[in-house]
Number of protein chains: 2
Amino acid sequence: MNKSRLNNYFHSLFPIPEEIVKRITAPFCHFTLDKNLTLIEKNTISTKTYFLEEGYMRSYILNEENEEITTNIYVAPCFVNDFLSFFKKQPTKVIYQTITDCSFWETSLENVQKNFHTIPEFREFSRLLFVINYSKLNDRLIEMASQKAETRYLNLLKEQPLVIQHFPLKIIASYLGITDSTLSRIRKEISKI
Amino acid sequence: MNKSRLNNYFHSLFPIPEEIVKRITAPFCHFTLDKNLTLIEKNTISTKTYFLEEGYMRSYILNEENEEITTNIYVAPCFVNDFLSFFKKQPTKVIYQTITDCSFWETSLENVQKNFHTIPEFREFSRLLFVINYSKLNDRLIEMASQKAETRYLNLLKEQPLVIQHFPLKIIASYLGITDSTLSRIRKEISKI
DNA sequence: AGGATCACTTGATAAATGTCAAGAAATTAA
DNA sequence: TTAATTTCTTGACATTTATCAAGTGATCCT
C-alpha cells in the first residue's frame, strides 16, 4: 500500500524531514470501509486514530428525541479522531459513519503516545492539528451564533463545494443546525438568483 | 506572590508530582488588570499564555456591522489563550477583555515550548487542556445547533450560575447567539415559573 | 448634584425558521 | 422490472427570534 497521501499530509501542515515522517507512519495500517458503515460506535472507547485517505464521513449524535444531529463532516485527506474518547479513554458520545466508500490508515493510541513523547516534530504536528481543529470549530460556532441559515449554507458552499455533492440534504441541514425543509427552501431561493 | 492556585490547577487536571509543577510554574509572573480592560488586543500576535487566577473575562470579535460578538467567557481558575495566535504566530482576530478586576499569572511562548519538549507531564497536561477546551466548544456548538435560546440560557444558568451575576445581559446574550431584547424576554418568561 | 451614558425592559411588528403532512423524484432491494 | 424505501420539495400554518423605538432605572463622571 502506498503511503504517499498519508506522508504528504504531514508535510503539508508542518515541515518535517522525510525520514521522520516515514518513522511516524511506518506502523499505520491500511483498510477500507464501504459507505454507510460505522467507523466508531457510540459508547465505545476509541483506541485508534484514523487518517481518512479517501472518501467522505460524518460524526453525529442522537438527541433526546432520537434524531440524528450531525456534529462534523470529514473530507479526505484529514485525521478523524474522537479526541475526548481517545485521550481521556472515555466512551464516545458520538458516532462516526462513512458517507461514501472510504479508505483509511489507522494507528494505535500506544503508537501515538510513543511518538508524542519521543519525536519532537510529531508533538508539534499533533498540537498544530489541535490548534487547527479548535480554530475551525470556533469559527463554526461564531457563524452559528451570528449568521442566518442562508449565509451559513452559502459559506459551506464556498468553503467545501464537494460536500454539497456527496452528502444528502438531510445531513447537511443538521450540520447547519436547520431542518431539511428549510434547507430545501434555501436552495430554491438561491437557485432563483 | 502565592502560586498555590496556579499550582493546584495543574494538579486538578492531571496527577503531576509537586516538584514538577513547581518547575513548570517557576517562571510565571503575576499581574492584575482592572475591569473593562483589554488583555489581548486585536491584530497583535499573542506571545504569552495567561492563567486567570481570579475574576471574569470574555473574548469577542467585531462583525461587519461593528457589533461585538462574545465568543467565549472565562471564569477563574482557567487558562486564557488565543491558541491560533499563540501557536501559529498569527495576528489575533479576537479581543480578550476583563469583565471584573482580574489577577493573572503569565508566561512566555518560549517557556511553554521549553516545557513542552522537556517535561513529559507538561505535554500531557497541555494536550489534556486542548482536549477539554475542544470538547467544551463542541458541546456548545451542538447546543447552538439543536436547542432553542431559552434552553441554552437555562443550561448556562445551571452550568455557570456565577456568570449570570457577573456579566452584563448584553454580553450573555451575544454569547448565546441572541439579542439582548430576546434574553430580557426569556428572563421574564422564566421568572414567571 | 446634574447631565450624560449605559443597562435593561417592553411593545408592536417583521423576518427567520420549524412543524406537519402530502406528494414527487430518486435510489435500493427483491 | 417492480415494489419498497429513502430523499427531496412544497404548502399551510405555528413558533421563535429579530428589529426598531421608546421608556425607566442605574451608574458614571467632573
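Using a 30° and 60° split on the angle between ring planes, B/F51 and B/Y9 fall in the tilted class, from 30° to 60°.
Interface residues of residues 58-71 of chain A facing DNA chain C, ordered by number: none; criterion, heavy-atom separation under 4.0 Å.
In this structure, the OH atom of A/Y153 is 12 Å from the C1' atom of D/dC8, given to the nearest Å. Counting to the nearest Å, the P atom of C/dA16 and the CG atom of A/L176 are 16 Å from each other. For the pair B/E189 CD and C/dT9 P, the computed distance is 13 Å after rounding to whole Å. In this structure, A/I171 atom CD1 and D/dT7 atom C1' are separated by 11 Å, rounded to whole Å. As rounded to whole Å, 12 Å separates atom C1' of D/dT7 from atom CD1 of A/I172. In this entry the distance linking CZ of A/F167 with P of D/dC8 reads 13 Å, nearest Å. Rounded to an integer number of Å, the gap from CG of B/N36 to P of C/dT5 is 17 Å. The interatomic distance linking B/Q165 (CD) with C/dC8 (P) rounds to 13 Å, in whole Å.
Nearest to the side-chain atoms of A/K188 among the listed nucleotides D/dC8, D/dG11, C/dT10 stands D/dG11. Looking at the side chain of A/K170, the nearest of the listed nucleotides D/dT19, D/dC8, C/dT9 is D/dC8.
Of all heavy-atom pairs between B/N81 and B/Y96, the closest is O-OH, 3.9 Å. Taking each heavy atom of A/K3 and A/A26 in turn, the nearest pair found is NZ-O, 2.9 Å. Residues A/T44 and A/S85 share a closest heavy-atom pair of O-OG, 3.6 Å.
When the C1' atoms of four end pairs are superposed on the next four at each end of the helix from C/dA1-D/dT30 to C/dA30-D/dT1, using five pairs per end, the two resulting axes differ in direction by 60°, to 10°.
Within the structure, no pair that satisfies the salt bridge (Lys or Arg N to Asp or Glu O under 4.0 Å) test touches residues 158-178 of chain B, not counting sequence neighbours. Residue pairs that meet the salt bridge (Lys or Arg N to Asp or Glu O under 4.0 Å) test with at least one member in residues 104-118 of chain A, sequence neighbours left out, are A/K48-A/E106.
With a 6.0 Å radius and a threshold of 12 heavy atoms from other residues, nucleotides or ligands, A/Q113 has its CD atom above the threshold. Other residues, nucleotides and ligands place no more than 12 heavy atoms under 6.0 Å from the NZ atom of B/K93.
Between B/R58 and B/F167 the shortest side-chain heavy-atom distance falls below 4.5 Å. Side-chain contact check for A/E121 versus A/F10: every heavy-atom pair is 4.5 Å or farther apart.
The pair A/E143-A/R140 does not meet the salt-bridge criterion, since no charged nitrogen lies less than 4.0 angstrom from a carboxylate oxygen. Between B/R127 and B/E124 there is a salt bridge, since a side-chain N of the basic residue sits under 4.0 Å from a carboxylate O of the acidic one.
Annotation: the span from A/K35 atom NZ to A/D101 atom CG amounts to 7.0 Å, rounded to 0.5 Å.
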With B for base contact, S for sugar-phosphate-only contact and - for none (protein heavy atoms under 4.0 Å), nucleotides 25-30 of chain C reads ---S--

What protein N or O atoms touch nucleotides 16-18 of chain D N or O atoms at under 3.5 angstrom, if any, and at what distances?
| unit_1 | atom_1 | unit_2 | atom_2 | d |
| --- | --- | --- | --- | --- |
| D/dT16 | OP1 | B/K148 | NZ | 2.9 |
| D/dT17 | OP1 | B/A149 | N | 2.7 |
| D/dA18 | OP2 | B/T179 | N | 3.1 |
| D/dA18 | OP2 | B/T179 | OG1 | 3.2 |
| D/dA18 | OP2 | B/T182 | OG1 | 2.7 |

Test ring-ring contact (aromatic ring centres under 6.0 Å, His included) on A/F130 and B/F83 and set out the steps. CA-CA 9 Å; A/F130 258 116; B/F83 293 133; 9.2 Å; no

